[in-house]
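Below is one structure, written out as structure tokens; the observations come after it.
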Number of protein chains: 2
Amino acid sequence: MARAGLTADRLTQAAADLADEVGFENVTVSALARHFGVKDASLYSHIRNAHDLRVRLAVLALAELADRVAEAIAGRSGKEALVAFANAYRAYAREHPGRYSATQMALDPDAAADSAAGRHAEMTRAILRGYDLWEPEQTDAVRLLHSTFHGYVSLERAGAFHRHPRGVEASWIRALDALDSVLRAWPA
Amino acid sequence: MARAGLTADRLTQAAADLADEVGFENVTVSALARHFGVKDASLYSHIRNAHDLRVRLAVLALAELADRVAEAIAGRSGKEALVAFANAYRAYAREHPGRYSATQMALDPDAAADSAAGRHAEMTRAILRGYDLWEPEQTDAVRLLHSTFHGYVSLERAGAFHRHPRGVEASWIRALDALDSVLRAWPA
DNA sequence: ATCATTTGCCTAGGACCTCTAGGTAAGCCT
DNA sequence: AGGCTTACCTAGAGGTCCTAGGCAAATGAT
């Protein structure tokens, strides 16, 4: 009886790759078991259930995304940091569609605390240091930025923009310009 | 053998209500059949398969949302129209979480053409008539607005904002202020 | 080195969902 | 009344999720 050497981490990694291949909604316990050449039931010693697997995947993706963003904004400030953040975010979503979908899962408070969600908010705040924005407006701005980034890549992936000839790239640059100018002159 | 009087439309309506109750991802053919007191197999004379059912639901929700938005912006212009649009959009998402989730489905080109997606874009354009914005900037602005609305309600629903004390309502108002000011002074 | 424990994967099986094939009864048309 | 279409049925195959209980491999204790 040869062992496949399963661990929760290896399962989560494989699930992430699987998500990018076949879509987050198609990440099933069965598919993952097939990938390792074992029976479904064997996975349940490592993960509690299918939902637990998806939560682990979400936590993994959030951490990866936070790493990418952190690297992108390191040593930059102001608009440069804003653009670097946004592009890192969007690039991750494009390169890892399944992982990105996972980051949109509703996490219960416990899982959210374990996740890198806090790092995301903190890094967004870091960008705002270049814009002379303080509480409570800072939180408003954090929410606006996050909403815009997420909304844009989410709609882009859903194909909402491709029905019009205007380049998606050009609109993205303009959106970042707009955000920069709104941050510089935040309405009182 | 009493008949339940099923039609594709009645199924879609019931599916929409079901989605709001138990979540879009839990809208199954079985659950719907149970609701009508009928066997699963009976639904397959009205819908092609489970995916088809969800697409119909998405199309229904997009149309409803477009109606709500159209009513909201009728007779308004400028910032008033912007705020009315945004609030109608957000209110629909809150009142009908399952239906709203459905609108986020990736629709294949055929289904998208049948949907009210075009009306949404057109209404967003209508708002911009109050802002002296023309192509190609108009498309950029449409995309920015849509992204921000969708991103905001989507993150709000995922609970991404509730980890911070600042009121979600206040941030929303500020986001709309910011969008208004960015539209008035669209960066050249 | 042997035995005990833990760990990893197994089989078996129940519950639920999806969907097809083919059948029968209800309602409409002539 | 007979025929046709429509609405719903039974039966059944195949997939996913998950639990219970078992055996064998790895690990650690003596």
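The analysis underlying the following values was restricted to heavy atoms, covering all of them including side chains, and did not include hydrogens, waters or symmetry mates. Every chain is numbered from 1, with letters handed out A, B, ... down the list of sequences. Just so it is clear, the model here is predicted, and its values are computed rather than measured.
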| message | According to side-chain contact (heavy atoms from CB on, under 4.5 Å), who are the partners of A84(B), at least two apart in sequence or on a separate chain? | response | A72(B), R76(B)
| note | Those residues at least two apart in sequence (or on a different chain) that pass ring pair (Phe, Tyr, Trp, His ring centres under 6.0 Å) with F85(B) are F149(B)
| Over 12 non-hydrogen atoms of neighbours within 6.0 angstrom of CD in E71(B) | no
| said: If you compare every side-chain N and O of S45(B) against the phosphate oxygens of dA7(D) (OP1, OP2), does one of them come in below 4.0 Å? | reply: no
Can you tabulate the close N/O pairs, meaning under 3.5 Å, that link protein atoms to atoms of nucleotides 16-19 of chain C?
unit_1, atom_1, unit_2, atom_2, d
dC17(C), OP1, R34(B), NH2, 3.2
dC17(C), OP2, R34(B), NH1, 3.0
dT18(C), OP2, V29(B), N, 2.9
dT18(C), OP2, S30(B), N, 2.9
dT18(C), OP2, S30(B), OG, 3.2
dC19(C), OP2, Y44(B), OH, 3.2
dC19(C), OP2, A50(B), N, 2.6

| said: If I take atom CZ in residue R10(A) and atom P in nucleotide dG8(C), what distance separates them, rounded to the nearest angstrom? | reply: 12 Å
Show me the donor-acceptor pairs, under 3.5 Å and distance only, between side chains in residues 32-46 of chain B and residues at least two apart or in other chains.
unit_1, atom_1, unit_2, atom_2, d
D40(B), OD2, S30(B), OG, 3.1
S42(B), OG, K39(B), O, 3.3
S45(B), OG, S42(B), O, 3.2

| message | Between P on dT6(D) and CG on L11(B), what's the gap in Å once rounded to a whole number? | response | 16 Å
| request: Rounded to the nearest angstrom, tell me the gap between atom CG in L6(B) and atom P in dT5(D). | output: 21 Å
| remark: With sequence neighbours left out, the residues meeting ring pair (Phe, Tyr, Trp, His ring centres under 6.0 Å) with Y131(B) are none
| query | Within less than 4.0 Å of OP1 or OP2 of dC9(C), is there a side-chain N or O belonging to H46(A)? | reply | yes
Can you give the donor-acceptor pairs under 3.5 Å from side chains of residues 99-111 of chain B to other protein atoms, not counting sequence neighbours?
unit_1, atom_1, unit_2, atom_2, d
R99(B), NE, E64(B), OE1, 3.0
R99(B), NH1, D17(B), OD1, 3.3
R99(B), NH1, D20(B), OD2, 2.6
R99(B), NH2, D17(B), OD1, 3.2
Y100(B), OH, Y89(B), OH, 3.0
Y100(B), OH, Q104(B), NE2, 3.4
Y100(B), OH, H150(B), ND1, 2.9
S101(B), OG, P97(B), O, 3.2
S101(B), OG, R157(B), NH1, 3.4
S101(B), OG, R157(B), NH2, 3.2
T103(B), OG1, Y100(B), O, 2.5
Q104(B), OE1, H150(B), NE2, 3.3

| L43(B) CG - dT10(D) P separation (whole Å) | 14 Å
| task | Let me know the distance between CD1 of I47(B) and P of dT20(C), rounded to the nearest Å. | result | 11 Å
